[in-house]
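Notes to accompany the following structure.
Source: prediction; values computed, not measured. Basis for what follows: all heavy atoms, side chains included, without hydrogens, waters or symmetry-related copies.
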Amino acid sequence: MKPPGEEESLRLGTLLLNTLARERRLWRAPVLKNGCIQGSDISPPQYQEVIVWLREMSSILQFSSETFALGVCVLNSLLATVKTRLKYLKCMAITSLILAAKINEEDEVIASVKDLLKQSRCKFSTAEILRMERVILNKLHWDLYMATPMDFIHIFHGLLMSRRPQLMLSSSQKRPCLQASLWTRQLQHCMACHQLWHFKGSILALAIITLELERLTPDWFSVFTDLLRKAQMESTEFICCKETVDEYLTGLELSLHTNAVYILDTSSMLAFRGHDTREEDGEGNRKRRAQKGDQDMDDFYDGFWCFYDEDVSEKTANHRLQDTQEQIWPCPPLRPSSRQ
C-alpha cells in the first residue's frame, strides 16, 4: 500500500476534526446504577451477551464492521435515553443493526426487513421491527449519523500511514505490519465490555492502537503523543482507558482455551492399522509383518510426497489417497506434544 502524501494527510486531519465534532454532539452511553443499566433491568452480562449475539447476526447478514459498530452506538444511545426492559433488548439491538445497515450498506446487500429476519432466524415479526424503528428514530431525533470507534480506527490508521510509513512496513516483508483488521477484532470485543462504556469511541480506538504501537516500536510514545494532540484528548482519561483495555484484552486471551498441539505417534501406526502382532506366530509370519509394516510406512510417507511432487499424475495420487483412506481410518494415532 502506497503511503498517502501530504495532501491526504491534511484531508485526514480535517476528517478527524469533523468526526470529533460529530462525536461530541451525538455520543451517549448507558450508565450503571445498582448493578443494572439505569432505567432498566438489564445487567452488564446480559448486555454483553446481546452484543455478542448482534455480532453473530451482523456476520450472518454479511454486514461490514462499520455497520456493526454503528448498530452498537445506536443501541447505546437508545439505552442512555429511554427506560426499557430486558425482554425488549434483543428487538432493540437487531433493529439498531438494521437501521445502521440502511445507512452504511449498499442497496444490493440490504434485503427487506422480512428477508433479514428470515436470514438471521430472529423470532420477531416485521411489524415489531418497524414499530421499534419508529421508536428509535423518534427518540434519537432521526439523527443516526454518529461517529463510531471504527471511524477513528480508519482515520488513525491513515494518519499513521501518512506520517510514519516506516512503522507500517516490515523491513523484511515490505508490507503493512500494523493490521487494521486486528484492531477491528479487538474493538468488537471491547464494545461489549461495560467497563469501557463511558469512554468515547475516539479514546477507545486510540487506546487499542497505542497498545499495538508499544509492542512494535520503541518510538511509540512520540507517535502516540502526536495522535493524542490531533485527537484533542485528555491524557488522564486516555491512560485510564488504555489500562482498562489492556486488562480486558489480556483477560480475554487468558480465558480462551489454549490450542492443543498434537504430533503423529508413528510407534503405534501398525497397531492402529489392525496388525495385532501378538496373534501371529512363526518366523515366516514375522517376516511378512515386517515387510507389510515397511510397505505401510512407505505408503504413509508417500501420502505427503504426493503433495510436493508436481510430476505425480492425478491418477496415481488419487489411487494412493484411496489406499490411504481405506487403511487409515478415522485418524492416525496422535499424542499431545510435550513442547509448549
Side-chain angles (χ1 to χ4, degrees), residues 8 10-31 37 47 50-51 54-55 57-59 61-82 84 89 91-113 116 120 129-159 180 183-184 187-188 190-192 196-209 227 230-233 241:
E8 180 68 8
L10 292 174
R11 186 190 71 83
L12 288 170
T14 303
L15 179 60
L16 176 60
L17 293 177
N18 294 336
T19 308
L20 287 170
R22 282 195 290 123
E23 183 181 55
R24 285 192 295 269
R25 182 171 60 89
L26 295 176
W27 179 81
R28 298 183 185 90
V31 177
I37 295 177
Y47 171 88
V50 167
I51 297 301
L54 193 66
R55 186 171 56 188
M57 294 301 100
S58 180
S59 177
L61 298 173
Q62 298 182 348
F63 292 157
S64 64
S65 55
E66 291 80 6
T67 296
F68 168 75
L70 180 57
V72 175
C73 289
V74 171
L75 177 62
N76 287 345
S77 295
L78 185 64
L79 291 173
T81 305
V82 302
T84 187
L89 182 57
C91 184
M92 295 166 61
I94 192 65
T95 306
S96 298
L97 183 66
I98 292 174
L99 286 172
K102 290 180 178 180
I103 296 173
N104 281 344
E105 300 293 339
E106 299 292 338
D107 292 340
E108 56 268 20
V109 178
I110 298 295
S112 65
V113 173
L116 288 175
S120 62
I129 298 298
L130 293 178
R131 282 199 301 270
M132 186 61 71
E133 279 190 354
R134 288 194 293 270
V135 170
I136 294 175
L137 291 171
N138 288 332
K139 293 297 182 181
L140 301 183
H141 309 291
W142 289 74
D143 193 354
L144 304 184
Y145 189 50
M146 302 174 181
T148 71
M150 274 305 307
D151 295 332
F152 291 103
I153 288 287
H154 293 312
I155 294 172
F156 290 143
H157 182 266
L159 288 172
W183 303 338
T184 299
L187 175 63
Q188 289 174 343
C190 290
M191 293 186 78
L196 296 169
W197 278 347
H198 60 283
F199 295 112
K200 293 181 179 180
S202 55
I203 300 176
L204 178 59
L206 186 55
I208 291 173
I209 292 175
L227 292 176
K230 290 180 181 297
Q232 304 172 0
M233 297 179 189
C241 178

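Annotation: side chain of Cys73 is in contact with side chain of Pro149 (closest heavy-atom distance under 4.5 Å). Under the 4.5 Å side-chain criterion, counting only non-hydrogen atoms from C-beta, His154 is in contact with Glu66. Between Leu144 and Leu70 there is no side-chain heavy-atom pair separated by less than 4.5 Å. Counting heavy atoms from C-beta on, the side chains of Leu116 and Phe63 come closer than 4.5 Å. Side-chain contact between Asn76 and Trp27 is absent, with no heavy atoms from C-beta onward closer than 4.5 Å.
Atom CZ in Arg28 sits 12.0 Å away from atom CG in Leu79 (nearest 0.5 Å). A distance of 11.0 Å separates CG in Leu12 from CZ in Phe156, rounded to the nearest 0.5 Å. Atom OG1 in Thr84 sits 4.5 Å away from atom CE in Met92 (nearest 0.5 Å). For the atom pair CG of Leu97 and CG of Leu61, the computed distance is 6.5 Å after rounding to the nearest 0.5 Å. Here the CG atom belonging to Leu20 is positioned 9.5 Å from the CG atom belonging to Leu15, to the nearest 0.5 angstrom. A distance of 12.5 Å separates CD1 in Ile103 from CD1 in Ile98, rounded to the nearest 0.5 Å.
When every heavy atom of Ala29 is checked against every heavy atom of Trp197, the shortest pair comes out as CB-O, 3.3 Å. The two atoms that bring Leu187 and Ile208 nearest to each other are CA-CD1, 3.6 Å, heavy atoms only. Annotation for Ser77 and Met146: closest pair OG-CE, 3.4 Å, computed over non-hydrogen atoms. When all heavy atoms of Leu196 and Cys241 are compared, the pair lying nearest together is CD2-O, 4.3 Å.
The backbone N or O of Leu10 sits less than 3.5 Å from a side-chain atom of Thr14, completing a donor-acceptor pair. Using modelled atom types, one side-chain atom of Glu23 and one backbone atom of Ser202 make a donor-acceptor pair closer than 3.5 Å. Proximity of a side-chain donor or acceptor of Asp151 to a complementary backbone N or O of Thr148 within less than 3.5 Å is detected.
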Could you walk me through whether Cys91 and Ile129 pass side chain to side chain contact (heavy atoms under 4.5 Å, CB included), step by step?
CA-CA 7 Å; Cys91 184; Ile129 298 298; 4.2 Å; yes
